K.L.:
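Structure below; questions to follow.
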Amino acid sequence: MTTTAETLPMLLEEIEVVAVERLSPSFVRVVFGSPALADLGVDGPLYDQRIKLIFPNAAGRLPSMEEADESWFATWLDIPEQERGAIRTYTVRALRGTGVDTRLVVDFVLHGEGGGSGPGGDWAAHAEVGQRLITLAPRRGVPFGGIEFAPGTAKRMLLVGDETAVPAVAAILECLPPSARGATFLEVPVAGDVLPLDCPSGVEVHWLPRDGASRGVAIHAAVLAHLGEEPAAPVVDEIDPELWETPTYSSSGEDVDVAVRAVGHDFDDLYAWIAGESSMVTGLRRAMVKDLGIDRHQVAFMGYWRRGVAMRS
Ligand SMILES: Cc1cc2nc3c(=O)[nH]c(=O)nc-3n(C[C@H](O)[C@H](O)[C@H](O)COP(=O)(O)OP(=O)(O)OC[C@H]3O[C@@H](n4cnc5c(N)ncnc54)[C@H](O)[C@@H]3O)c2cc1C
């Protein structure tokens, strides 16, 4: 077993599958354990805390992280591609237990028909107790980043996601106070993927199974209707595969301090968090920021994956 140098500010550790549960046609829950997870955690709510997972190479081997230091990523990239395995981003769906019995829960989406094949989805489809991955995750007490949900003083939440964002939305909802108000729109592959959510009573939940219909269309119309607009088809001029725009960061390099005020609408009390396939997110970004004029400081738009494109990290 590899161990992270204890001096690293984050965990970079081998973890072992201790349970696998098929939640629905498209979701597999994998529970990981390791004594090293005793140090996993954040000082505050987990919300949409992201982590990295390194999957084994084709021969089933993981790279050694024994000598890992702050330059571990560059060192890992120097390993020939077919040997180093693949790194992908996932969400901490939940943490259970304490100390060396801490368990990390990750809900994986199976790509399904029409989805490409990738190391993350493929691994999850065949996950078994005893298999190992490496995780890069927050060490309790040390700033790590990776939480984007930041509603500030907003009184109304709007949470929008496709299946890859369901784990994050479910975790965020569990962290909200009982007084929270708002709405959640979740697009999933099929009706059987509607999962139980622990949600404040003032937050409406709308599940939108595609059941064979095109990705991103129904959710776009539903969100616009919720905002008081005529349901319309998404307009996507150019898709930014790296799309990541939060109130404090823009992947396009746009000035995040340029405030645009909505005309004829009252969105002042709104905070919107939107994540999923990049064209869905891009279409909603255009509708909400360009067309409706919602202030970018009130919205986080995150491309979690891009159709036809393998993620590099
Ligand atoms: C912050 C963040 C949090 C995330 N949390 C989760 C999470 O908790 N659970 C989760 O399952 N995913 C999550 N994702 C999305 C996940 O990282 C991507 O789906 C990633 O592409 C999966 O890697 P892969 O190796 O399976 O496919 P890749 O090698 O990246 O891609 C290979 C092919 O598969 C396609 N593909 C990728 N994902 C899907 C999909 N979901 N459905 C259909 N086709 C797909 C690609 O378009 C490409 O054609 C998250 C992403 C981010 C950025």
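Owing to the predicted nature of the structure, the values given are computational and were not obtained by experimental measurement. Counting starts at 1 for both ligands and their atoms, following the listed order.
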K.L.:
Which of the atoms in ligand 1, numbered in the order shown and given with their element, are less than 4.0 Å from a heavy-atom of Gly121?
P.N.:
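This gives 24 (P), 26 (O) as the contact atoms.
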
K.L.:
I'd like to check which ligand 1 atoms, numbered from 1 as shown, lie under 4.0 Å from a non-hydrogen atom of Asp107.
P.N.:
7 (C), 8 (O), 9 (N), 10 (C), 11 (O)

K.L.:
Side chain, backbone, both or neither: which part of Asp122 has a heavy atom under 4.0 Å from ligand 1?
P.N.:
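It is neither; nothing of Asp122 touches ligand 1.
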
K.L.:
May I ask you to list the atoms of ligand 1 that are less than 4.0 angstrom from any heavy atom of Arg306?
P.N.:
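Answer for ligand 1: 46 (C), 47 (O).
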
K.L.:
Quick check against the 3.5 Å criterion: does Arg84 have a side-chain atom that pairs as donor or acceptor with the backbone of Leu77?
P.N.:
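Yes, because the side chain of Arg84 sits within donor-acceptor range (under 3.5 Å) of the backbone of Leu77.
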
K.L.:
Tell me which protein heavy atom sits closest to atom 25 (O) of ligand 1, plus the residue, atom name and distance to 0.1 Å.
P.N.:
Gly120 N, 2.7 Å

K.L.:
Run down the list Gln49, Glu148, Arg93, Arg88 and name the one with the heavy atom closest to atom 23 (O) of ligand 1.
P.N.:
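Going through Gln49, Glu148, Arg93, Arg88 one by one, Arg88 has the nearest heavy atom to atom 23 (O) of ligand 1.
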
K.L.:
Which ligand 1 atoms does Ala310 reach within 4.0 Å, using its non-hydrogen atoms?
P.N.:
28 (P), 29 (O), 30 (O), 31 (O)

K.L.:
If we set the cut-off at 4.0 Å for heavy atoms, which region of Tyr304 has an atom near ligand 1: side chain, backbone, both, or neither?
P.N.:
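The part of Tyr304 near ligand 1 is both the backbone and the side chain.
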
K.L.:
Please identify which atoms of ligand 1 are closer than 4.0 Å to at least one heavy atom of Ser117.
P.N.:
32 (C), 33 (C)

K.L.:
Please state which option from Thr164, Val309, Val109, Val92 has its nearest heavy atom closest to atom 13 (C) of ligand 1.
P.N.:
Thr164

K.L.:
From the options Trp123, Tyr90, Phe27, select the one whose nearest heavy atom is closest to atom 12 (N) of ligand 1.
P.N.:
Tyr90

K.L.:
Got an N/O contact under 3.5 Å between Pro167 and ligand 1?
P.N.:
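In this structure, Pro167 places no N or O atom under 3.5 Å from an N or O of ligand 1.
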
K.L.:
If you measure from atom 5 (N) of ligand 1 to every heavy atom of Val106, Asp48, Thr91, which option wins on shortest distance?
P.N.:
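Comparing heavy atoms across Val106, Asp48, Thr91, the nearest one to atom 5 (N) of ligand 1 lies in Thr91.
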
K.L.:
Should you measure from each heavy atom of Trp244, which atoms of ligand 1 turn up under 4.0 Å away?
P.N.:
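Result: 1 (C), 53 (C).
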
K.L.:
Between Phe108 and Trp123 (judged by ring centroids, cut-off 6.0 Å), do the two rings come close enough to count as a pair?
P.N.:
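Yes, the ring centres sit under 6.0 Å apart.
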
K.L.:
Tell me, which protein residue and heavy-atom name are nearest atom 14 (N) of ligand 1, and how many Å apart are they?
P.N.:
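Here the closest protein heavy atom is Thr89 O, 3.4 Å.
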
K.L.:
Give a yes or no answer on whether the side chain of Gln49 reaches the backbone of Gly145 with a donor-acceptor pair at less than 3.5 Å.
P.N.:
yes

K.L.:
Counting from 1, what ligand 1 atoms have a heavy atom of Arg50 closer than 4.0 Å?
P.N.:
1 (C)

K.L.:
Suppose we measure from atom 19 (O) of ligand 1 to each protein heavy atom; which comes out shortest, and what is that distance?
P.N.:
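Answer for atom 19 (O) of ligand 1: Trp305 CB, 3.7 Å.
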
K.L.:
Atoms of ligand 1 less than 4.0 Å from Phe108 heavy atoms?
P.N.:
11 (O)

K.L.:
Can you tell whether the side chains of Arg215 and Asp162 come within less than 4.0 Å, N to carboxylate O?
P.N.:
yes

K.L.:
Any idea which of Lys52, His111, Met311 brings a heavy atom closest to atom 27 (O) of ligand 1?
P.N.:
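Minimum heavy-atom distance to atom 27 (O) of ligand 1 goes to His111.
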
